[in-house]
Amino acid sequence: MVEAPEPDRESADLVHEKLVVATSDLETWFIREVLPLEADLMQFLRRSWQNGSDLDDLCQEIYIRTYEVAREKRPRPVRPFVFTVARNLIVDRARREHVVPIEAVADLDQLGVAVDAPSPERNAIARDELRLLRAAIDRLPPRCREIVVLGRIEGLTGREIAVRLGIPETTVSYQLSVGLYALADMLFGENVTGGKRP
Amino acid sequence: MTNPISCEQDAEAAQNVRMRAATWLQRSQFWNWSEADQIELDRWLAESSSHQVAYIRIKAVWNRTERLTALRQSANPSRKNGSRFGRTFFARAIAAAAIAALIGFTGIRYLTGTVGTTWTTSVGGRRTLALPDGSKIELNTSTVLRINGDQRIAWLDRGEAYFQIKHDRAHPFVVIASGRRVVDIGTKFLVRDDGNRLEVSLVEGRARIESEKVRANTQAAILTPGDVAISAGGSFSVTKKSATNLANELSWRRDLLVFDNATLVDVATELNRYNQEKFIIADPNIARRKIDASIPTHGVQAFKRVVRDFLGLRVEDRGQEIIVSR
């Protein structure tokens, strides 16, 4: 699955163990072009699809479709493509579930104009990445945060964390998973300027 | 576009898939990672695009947080002692706790000279403090604990903590809570302060409990294993608990609540300590029903099911409140 890494910054950093993970060319493209759209995408999904519990699933499905297309040929420009996928998916769903999200469809048509605009959030991210990361870590539940800080910032191994805190390794392992999961949602899924999800 | 049926299958799994991806990634980074593990991961990834996408996303967040490691070098170049790591991140919690601590200041300053460190947990939180001498303190949900500079006096301002203290004859460890002082004589003990009721349970070793203000007070007692001292509304008593009961009281250390022959209202009250959603037993007749139960501290959903399916009661969600009735 892992293709030869690009000879860029990411692969160069690989000598530092546990700092970064290698990404293939396709993966690097996906991370650079698609994931930064997640905050806007989620906001759009929230507006157009009332069933809040489905949002992660919709987002995941949009990613899958985009990824599968990109495997053959990278769509360009990316942003309108991703939002078109989102639109089609919602229309599919609405038809299947006999729900007609009229506002959503109307919204989508207007969106055609806006999708090309670079989002201000992306600039904010670029400007103050470290502050953003710290704020995200800050919002983890206390126990989880403590473990993630020891692992990611202090560079301890799982076993070392368990010994240091006097807790089972399974707990450390679970909390690290939970922490990463939550960080992904916070760092990709939320609008920096718009605050948290409802 | 693709067949919508397939998206329904994937939709079911999105959160699970993302959690699996997070687990794979942290396993590969924090634990022993063998060739066999890598093969297993590759196989998982090959199963579907959904797995691949979720894994890319989690890799991306992992790589993004790489920048945080910069904080380690710049903030604390030489500190090895873990008890103060990552203080920046706890600054807000500490500031909040410091305000709470100010209220109790007057009597404390002259005793200790230094104010020391405040540790807090939120509702549902739990943490373990490792002191330099090898002693360990585990904080349960919604707890505020202060420790003085030389780490031999702790104030339990709120909540519950389990102490495993390395005995030092010259410097006995003292816990102060609700006007009582617990002095260890080589001990493992649990202190729980519910605001109007203080309970000290001795698990191992010996400890002395006395009034904080008058040292030669008659209300002093030596606790031995199984003893539980209860101080409430000016009264003070010591009773004995079985090893099983004591073990049940400590089960929160394993994120579990264990009840033997407890009333429904007691179980609900206990579970409410750990969760934002609060169970309210609306009917006094059912409140006294006795049950045996083992519930995860965060098992709100599990308890709902038990109440509904096994006890046959009505469960009604009202935002943060869960009303139980007949």
Side-chain angles (χ1 to χ4, degrees), chain A residues 1-2 10 13 18-21 23 27 30-31 35 54 56-61 63-65 67-68 85 88-89 92-93 96 129-130 133-134 137-138 141-143 145-146 149-155 157-159 161 164-167 169 171-173 176-178 180-181 183-184 187-188, chain B residues 1-2 4 7-8 10-15 17-19 21-23 25-31 42 45-46 48-50 52-54 56-72 82 85-86 88-90 92-93 120-122 124-128 130 136 138 255:
Chain A
M1 199 43 51
V2 178
E10 256 120 34
D13 277 350
K18 211 174 96 168
L19 290 183
V20 295
V21 178
T23 50
E27 290 172 342
F30 193 87
I31 291 167
L35 287 180
D54 276 340
D56 287 347
D57 302 321
L58 283 169
C59 175
Q60 175 77 356
E61 182 64 17
Y63 282 173
I64 293 167
R65 293 184 182 193
Y67 180 72
E68 284 177 346
V85 170
N88 291 346
L89 188 65
D92 271 2
R93 281 241 179 159
R96 209 151 27 90
E129 172 81 351
L130 191 61
L133 290 168
R134 286 175 64 158
I137 295 259
D138 226 354
R143 190 135 163 279
R145 176 176 56 207
E146 183 174 27
V149 165
L150 282 178
R152 195 54 173 133
I153 301 182
E154 300 293 308
T157 67
R159 177 177 293 250
I161 297 170
R164 161 109 32 127
L165 298 180
I167 56 178
E169 291 183 2
T171 307
V172 174
S173 177
L176 286 168
S177 302
V178 169
L180 271 178
Y181 182 110
L183 285 174
L187 291 171
F188 294 125
Chain B
M1 274 300 141
T2 48
C7 96
E8 195 61 3
D10 290 323
E12 265 306 299
Q15 291 189 342
V17 170
R18 286 179 174 182
M19 189 63 188
T23 304
L25 187 116
Q26 65 88 5
R27 270 186 58 197
S28 74
Q29 296 300 308
F30 289 101
W31 310 92
D42 289 343
L45 288 171
S48 73
S49 298
S50 181
Q52 290 162 39
V53 165
I56 292 171
R57 186 168 171 272
I58 215 75
K59 277 205 285 196
V61 83
W62 173 263
N63 288 351
R64 243 179 107 173
T65 55
E66 184 267 335
R67 204 177 272 227
L68 281 167
T69 56
L71 293 174
R72 175 179 33 183
F85 61 84
T88 356
F89 300 115
F90 307 130
R92 259 202 331 221
T120 61
T121 55
S122 55
R126 182 152 79 72
R127 76 188 318 167
T128 302
K136 240 168 58 175
E138 293 175 61
D255 293 322

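Since this is a predicted model, take the numbers as computed values, not measurements. Here is the naming used below: chain letters follow the sequence lines, and residue numbers restart at 1 for every chain.
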Student: Restricting to non-hydrogen atoms, name the atom on B/Ala54 and the atom on A/Gln60 that form the minimum distance, rounded to 0.1 Å.
Tutor: CB-NE2, 4.0 Å
Student: Mind listing the closest non-hydrogen atom pair of A/Arg159 and B/Trp31 along with its distance?
Tutor: N-CZ3, 3.5 Å
Student: Of the non-hydrogen atoms in B/Trp62 and A/Arg152, which two are nearest, and what is the gap between them?
Tutor: O-NH2, 2.6 Å
Student: Closer than 3.5 angstrom, by distance alone: can the side chain of B/Gln26 be matched with the main-chain N or O of A/Ser173 as a donor-acceptor pair?
Tutor: yes
Student: Could you give the distance from OG (B/Ser50) to CD (A/Glu61), rounded to the nearest 0.5 Å?
Tutor: 8.0 Å
Student: Could you measure the distance from the CD atom of B/Glu138 to the CD1 atom of A/Ile167? Nearest 0.5 Å is fine.
Tutor: 9.5 Å
Student: Please look at A/Leu35 and chain B and tell me whether the side chain, the backbone, both or neither of the residue comes under 4.5 angstrom of a heavy atom of that chain.
Tutor: side chain
Student: List the atom of B/Lys136, the atom of A/Gly166, and the distance in Å for their closest heavy-atom pair.
Tutor: NZ-O, 3.7 Å
Student: Quick one: does any side-chain atom of A/Arg164 pair with a main-chain N or O of B/Ala130 as donor and acceptor, under 3.5 Å?
Tutor: no
Student: What's the separation between atom CD1 in B/Ile58 and atom CZ in A/Phe188, rounded to the nearest 0.5 Å?
Tutor: 8.5 Å
Student: Could you tell me whether the side chain of A/Pro142 reaches within less than 4.5 Å of the side chain of B/Thr121, counting heavy atoms only?
Tutor: no
Student: Provide the closest heavy-atom pair for B/Ala22 versus A/Leu180 in the form atom of the first, atom of the second, distance.
Tutor: O-CD1, 4.0 Å
Student: Looking at every non-hydrogen atom in both residues, tell me the closest pair between B/Ala14 and A/Asp56 and how far apart they are.
Tutor: CB-O, 3.9 Å
Student: About how many Å separate CZ of A/Arg143 and OG of B/Ser122, when rounded to the nearest 0.5 Å?
Tutor: 11.0 Å
Student: With side chain to side chain contact (heavy atoms under 4.5 Å, CB included) as the criterion, how do B/Arg57 and A/Cys59 come out once you've worked through the C-alpha distance, each side chain's angles and the decisive distance to 0.1 Å?
Tutor: CA-CA 12 Å; B/Arg57 186 168 171 272; A/Cys59 175; 5.6 Å; no
Student: For the residue pair A/Leu165 and B/Arg127, establish whether any side-chain heavy-atom pair is separated by less than 4.5 Å.
Tutor: no
Student: Which atoms of A/Leu176 come close to chain B, meaning under 4.5 Å heavy atom to heavy atom: side chain ones, backbone ones, both, or neither?
Tutor: both
Student: To the nearest 0.5 Å, what is the distance between CZ on B/Arg64 and CG on A/Leu187?
Tutor: 4.5 Å
Student: The test is side chain to side chain contact (heavy atoms under 4.5 Å, CB included); show your working for A/Tyr67 and B/Val53 and say whether it passes.
Tutor: CA-CA 7 Å; A/Tyr67 180 72; B/Val53 165; 3.6 Å; yes
Student: Just so I understand: if I count every heavy-atom pair under 4.5 Å between each of B/Asp255, B/Thr23, B/Thr65 and chain A, which residue has the most?
Tutor: B/Thr65
Student: Tell me, with the steps shown, if B/Met19 and A/Val178 meet side chain to side chain contact (heavy atoms under 4.5 Å, CB included).
Tutor: CA-CA 7 Å; B/Met19 189 63 188; A/Val178 169; 3.7 Å; yes
Student: Find out whether B/Ile56 and A/Tyr63 are in side-chain contact, i.e. whether some heavy atom of one side chain is under 4.5 Å from a heavy atom of the other.
Tutor: no
